[in-house]
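The structure appears right after this line, and notes come after that.
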There are 4 protein chains.
Amino acid sequence: MRTNHELQASDSPNGSATSAGRPRSDEAHKAILDATLALLADVGFSALKVEGVASRAGVGKATIYRRWRSKLPLVVEAFSLLPALEEVDTGDLVTDLKKMLRNYFELFNSTPLGTVLPSLAGERRHNQALSKLLDPVLRERRRPLVRVLERAVERGELPRDLDIDLAADLIVGPIAVRLFFGGGKLGPRLIDSIVDLALSGLRGRS
Amino acid sequence: MRTNHELQASDSPNGSATSAGRPRSDEAHKAILDATLALLADVGFSALKVEGVASRAGVGKATIYRRWRSKLPLVVEAFSLLPALEEVDTGDLVTDLKKMLRNYFELFNSTPLGTVLPSLAGERRHNQALSKLLDPVLRERRRPLVRVLERAVERGELPRDLDIDLAADLIVGPIAVRLFFGGGKLGPRLIDSIVDLALSGLRGRS
Amino acid sequence: MRTNHELQASDSPNGSATSAGRPRSDEAHKAILDATLALLADVGFSALKVEGVASRAGVGKATIYRRWRSKLPLVVEAFSLLPALEEVDTGDLVTDLKKMLRNYFELFNSTPLGTVLPSLAGERRHNQALSKLLDPVLRERRRPLVRVLERAVERGELPRDLDIDLAADLIVGPIAVRLFFGGGKLGPRLIDSIVDLALSGLRGRS
Amino acid sequence: MRTNHELQASDSPNGSATSAGRPRSDEAHKAILDATLALLADVGFSALKVEGVASRAGVGKATIYRRWRSKLPLVVEAFSLLPALEEVDTGDLVTDLKKMLRNYFELFNSTPLGTVLPSLAGERRHNQALSKLLDPVLRERRRPLVRVLERAVERGELPRDLDIDLAADLIVGPIAVRLFFGGGKLGPRLIDSIVDLALSGLRGRS
DNA sequence: TCGTAAGCGAGACGGTACGTCGAGTCTTGCT
DNA sequence: AGCAAGACTCGACGTACCGTCTCGCTTACGA
C-alpha cells in the first residue's frame with residue numbers, strides 16, 4: 001500500500017481519466033524498488049548508481065526517471081517500504097518496549113535497514129529535498145513507540161509531565177548511537193538493558 | 001598536534017632522514033583542511049568536490065591527492081580537527097554533564113560539526129576504509145564523557161556495576177537522534193532535561 | 001563515403017542488426033570532425049586538445065571518446081576527409097602533372113592540409129597505432145599520381161622499366177621538403193619547374 | 001663545439017666575469033643531451049617527458065631548465081648535435097652525390113636521426129618558436145649538398161641556370177617522402193637510383 | 001480490428017567531477 | 001652559486017555517472 005504521493009515525481013494520470021496508452025508496468029516498479037534496496041544494502045546511498053539500479057532491475061533508466069524525479073525520492077520510497085517498529089500492547093510498558101525493540105533489532109539483521117538508515121540520515125542535513133521527503137517517513141516510523149509511551153502515561157506507569165518525544169529519544173538513542181558510530185555490538189540482552197536503564201535512570205532505582 | 005598517522009595516505013618518508021627535496025608546505029596543508037571544513041559546513045560531504053577544495057584553498061589538486069588518497073581521508077582528518085567534548089570536573093556529576101553537553105552543543109552552532117558528523121557516520125557502514133580511519137577518532141572524542149562517568153562511579157554517585165559505555169550512549173543518544181533524524185530542535189534547556197532524564201530514568205525518582 | 005572502418009575505435013554493432021538504443025548522432029559526428037579540422041589548422045596536432053574539440057563542436061567529451069579511442073584516430077579520420085590529389089587525364093603527361101599539382105597546391109592554402117599532414121607524418125614513426133591507421137590513407141591519396149604515371153608509361157611517354165613509386169616520390173619530393181622543412185615558398189610557377197625538372201633531370205635535355 | 005647561442009635560454013655569465021659560485025657541470029650538460037637523444041629515438045618528440053630526461057640523465061629538473069628555457073630548445077640542440085650530410089668532393093657529381101647520400105643513409109640506421117627529424121619537422125608549422133630555432137639548423141645541414149651542386153655547375157656538369165635549391169630538393173625529396181610517409185624501404189641501391197633518376201629525369205636520357 | 005498513445009529496454013546525448021600526469025617553477029639542504 | 005630531490009600551481013587527460021533524449025519495439029484502450 002503506497003500512500004506517500006509526494007514521493008512520486010510522476011505526472012501520473014492520477015486524475016479522473018484512465019489515460020490512454022500502455023499502462024506502467026507494476027512489475028518494473030517492483031523490480032526497481034527491490035534492486036534499489038539490494039544496492040543500498042550492498043554499497044550504501046552515495047555509491048548507489050541509478051544505472052546500477054536499472055541494470056540490476058533489468059529496466060531502462062527512463063523507466064526509473066519516469067517514476068521518480070531523481071535517485072533521491074527513489075531511495076526514500078524504497079526505504080519507506082522497509083518494516084518499521086511494530087506496536088506491541090501487553091499492558092505492561094517494560095514488556096512492550098522490550099518486545100518491540102527486540103523485534104526491531106531482528107530487522108537490522110534480516111533487512112537492509114541497518115545500512116540504509118544511516119546512509120539516508122547522514123545525507124539529510126545537506127539535502128533539503130531529501131529532508132522534506134524523508135522526515136515524514138521517519139516520524140511515522142517512530143509513531144508506535146510514541147503510542148506505547150502515551151499509553152503508559154495514561155496507565156500511570158510514567159509521569160504525566162513526561163516529554164514523550166524526549167522519552168522516545170532516550171530509549172532509541174543508544175541503538176542509534178551504536179548503529180551510527182559502531183561501538184559495542186547490539187544484541188537482545190543489550191536491548192533489555194537499554195530499556196531498564198532508560199526507565200530507571202543511571203543512578204538506579206530504590 | 002596531528003597524531004593520526006593513518007589518516008595520511010602519503011608515502012611520506014617518515015623514517016629518520018629529513019628526506020630530500022622540497023618539504024611539503026604546512027601552509028598548503030592547513031589551507032586545504034580549512035577549505036575542507038568550510039565546504040563541509042556549506043554543502044556537506046557528498047556535495048563536497050575535491051576541485052572545490054583545491055580552488056578554495058588556492059592549491060592544485062595534485063597537492064591534495066599527494067597527501068590524501070581521496071576525499072574521504074581528507075574529510076576524516078578535517079573532522080578530527082574539530083573540537084570534541086571538553087572534560088569538566090567540578091566534583092558533581094550533574095553539573096559536569098550539563099556543562100560538557102552545553103559546551104558541546106555550542107560547537108554544533110559554531111562549527112561544521114553538526115553537518116560533518118552525520119555525513120561521515122552515514123558513510124561508515126559502507127566503507128570499511130572510512131570505518132578504520134574514523135572509528136578511533138570517534139572513540140577518542142567520547143573519552144571525556146566516559147571519564148566523567150568513571151569518576152562519578154568512584155565517588156559513589158553512580159552504581160559500581162554500571163555499564164559505562166551504555167551509560168554514555170544513553171546520555172548522548174537523544175542528541176544523536178535529533179542530529180540524525182531531525183525531530184525537535186536542540187537547545188540548552190533541552191540538554192539539561194536530557195541529563196536529568198538519563199540520570200533519574202523515565203519513571204522519575206523518589 | 002567513409003570506408004576506413006579501422007578509423008573507428010568504436011565497438012559499434014556493425015553486424016547485421018540495427019542495434020538497440022538511440023543511434024549515434026550524425027550531426028554530432030560531423031560537428032566533431034569539423035571542429036577537429038578547424039583546430040588542427042589553427043593550432044596543429046600537438047596543441048589540439050580533445051576538450052577544445054568538444055567545446056567547439058558543442059559536444060560532450062564522452063561523445064568523442066565513444067567514437068574514437070583517442071585524439072589520434074580522430075585526427076586521422078578528419079585528415080582523411082580532406083581532399084586529395086585529383087586525377088587529371090588530358091593525354092599529355094606534363095599537362096596532367098602540372099594541373100594536378102597546381103590543384104593540390106591550392107588545397108594547401110584553402111584547407112588545413114598543409115598543417116595537418118606534417119603533424120601526422122611526424123608522429124607516424126613513434127606511433128605504431130597511428131602508422132597503421134594513417135598509412136593506407138596516405139597510400140590512397142597518392143594513387144591518382146601513380147595512375148597518371150602508369151598511363152604515361154603505357155602511352156610510351158615514359159620508359160617501360162621506370163620505377164613508378166620512385167618516380168612519384170621524385171615529383172612529390174620537393175613539395176614535401178618545402179612543406180616539412182620550410183625553405184623557399186611554393187607557388188604555381190615553382191610547381192611547373194618541379195615537373196619540368198623531374199621529367200628532364202637536373203642535367204637538362206637536348 | 002656548441003655555436004648555436006640562441007638555443008640556450010640561459011642567463012649564463014658569458015660576459016667577462018668568471019661568475020661567482022659553483023660553475024655549471026659540463027658532465028650534467030652532456031648527460032642531459034645524451035638522454036634527450038636516447039629518448040627521442042625511443043619515444044619521439046611528443047612522448048618525450050622532461051622528467052624522463054632528468055631521471056635518465058641522473059639530474060634534477062631545475063638543472064635542465066637552468067640551461068634550456070623549455071623542452072623545445074633542448075630537443076633542438078640535441079638534434080643539432082646529430083651528424084649531418086658530410087661533404088664529399090671527388091670531382092665527379094654522380095660519385096659525390098651517391099657517396100654522400102649513402103653515408104647519410106647510414107646515419108638513419110645508426111642514430112636517432114630518422115625518428116627525431118620527422119618529429120621536429122612535423123611540429124615546426126605549429127610552433128613559431130621551434131621554427132625559429134630549427135630553421136637555421138636545417139639550413140646548415142643542407143649546405144654540403146648545395147655546395148656539391150654549386151661545384152658541379154662550375155665544372156659544367158650542370159646547367160648554369162639551374163635553381164640550386166630546387167635541385168637539392170629534388171635529390172633529397174624521395175628520401176624525405178619515404179622518411180615521412182613510409183612507402184618503400186630505403187637502401188643503398190635505391191639511393192643510387194634516386195641520384196640517377198634525378199640527374200637524368202624520368203624520361204631517361206639519350 | 002485496428003490506430004494511437006503511452007510505456008518499454010537500450011543506449012547516445014551534453015555535462016561535471018573524478019583521480020592521474022606532465023609542464024615549468026620553487027624551495028629544501030648539501031657541495 | 002650550482003646541484004638532486006621533490007613539492008608547488010596549473011591544466012588536460014580519459015573515465016564514470018547524472019538526468020535527458022531518441023530509437024524501434026510492445027501493449028492496452030477506444031473508435
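The sequence lines fix the lettering, A, B, ..., with proteins before strands; numbering per chain opens at 1.
For dG9(E), one of the phosphate oxygens OP1 or OP2 lies less than 4.0 angstrom from a side-chain nitrogen or oxygen of Thr63(A). Phosphate contact (OP1/OP2 of dG19(E), side-chain N/O of Tyr65(B), threshold under 4.0 Å): present. Put simply, Arg67(A) has a side-chain N or O that comes within less than 4.0 Å of OP1 or OP2 on dC8(E). Checking the phosphate oxygens (OP1, OP2) of dA7(F), no side-chain nitrogen or oxygen of Ser25(B) falls inside 4.0 Å. Close to dA6(E), at under 4.0 Å from its OP1 or OP2, lies no side-chain N or O of Arg24(A). Residue Arg22(C) places at least one side-chain N or O under 4.0 Å from the OP1 or OP2 atom of dT22(F).
Taking the centre and axis of the six-membered ring of Phe45(A), the NZ or CZ atom of Lys71(A) falls inside the cone set by 45° and 6.0 Å.
If Lys49(B) and Ala57(C) are placed on DNA chain E by their nearest nucleotide, the residue sitting closer to the 5' end is Ala57(C). Nearest-nucleotide mapping onto DNA chain F: of Glu51(C) and Glu51(D), the residue sitting toward the 5' end is Glu51(D). In terms of position along DNA chain E, the nucleotide closest to Ala28(C) lies nearer the 5' end than the nucleotide closest to the other residue of the pair Ala28(C) and Val50(B).
Put simply, the side chain of Lys61(B) and the base of dG19(E) share a donor and an acceptor less than 3.5 Å apart.
To the nearest angstrom, C1' of dA16(F) lies 15 Å from CG of Leu48(A). Regarding Trp68(D), its CH2 atom lies at a distance of 15 Å from the P atom of dT25(E), rounded to whole Å. Taking atom CG of Leu72(B) as the reference point, atom C1' of dG19(E) lies 14 Å away to the nearest angstrom. Distance NZ (Lys71(A)) to P (dG19(F)): 8 Å, rounded to an integer number of Å. One atom, CZ of Arg56(B), and another, P of dT9(F), lie 17 Å apart when rounded to the nearest Å. Taking atom CD of residue Glu27(B) and atom P of nucleotide dT27(E), one finds them 11 Å apart after rounding to whole Å. Between the P atom of dA7(F) and the CG atom of Asp26(B) lies a distance of 13 Å, rounded to the nearest Å. The nearest whole Å value for the distance from the NZ atom in Lys30(B) to the C1' atom in dA7(F) is 20 Å.
Side-chain contact of Arg67(A) with His29(A): a donor-acceptor pair under 3.5 Å is present, judged by distance alone.
Annotation for Trp68(B) and Leu33(B): closest pair CZ2-CD2, 3.9 Å, computed over non-hydrogen atoms. Minimum heavy-atom separation, Val53(B) to Leu39(B): N-CD1, 3.5 Å.
Nucleic acid contact class of Ala62(D) (heavy atoms, under 4.0 Å, all strands): base. As judged by a 4.0 angstrom heavy-atom cut-off over every strand, Gly58(A) is placed among residues touching the sugar-phosphate backbone only. As judged by a 4.0 angstrom heavy-atom cut-off over every strand, Ile64(D) is placed among residues making no nucleic acid contact.
Closest to the Arg66(D) side chain, of the nucleotides dG2(F), dG19(E), dC26(E), is dG2(F). Of the candidate nucleotides dG24(E), dG19(F), dA10(E), dA10(E) has the atom lying nearest to any side-chain atom of Ala20(C).
Lys30(B) has a carboxylate O that lies under 4.0 Å from a charged side-chain N of Asp34(B), or vice versa, which qualifies the two as a salt bridge.
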field: Check against side-chain hydrogen bond (donor to acceptor under 3.5 Å, both in side chains), Ser119(B) and Glu123(A)
entry: CA-CA 6 Å; Ser119(B) 278; Glu123(A) 202 74 11; 5.6 Å; no
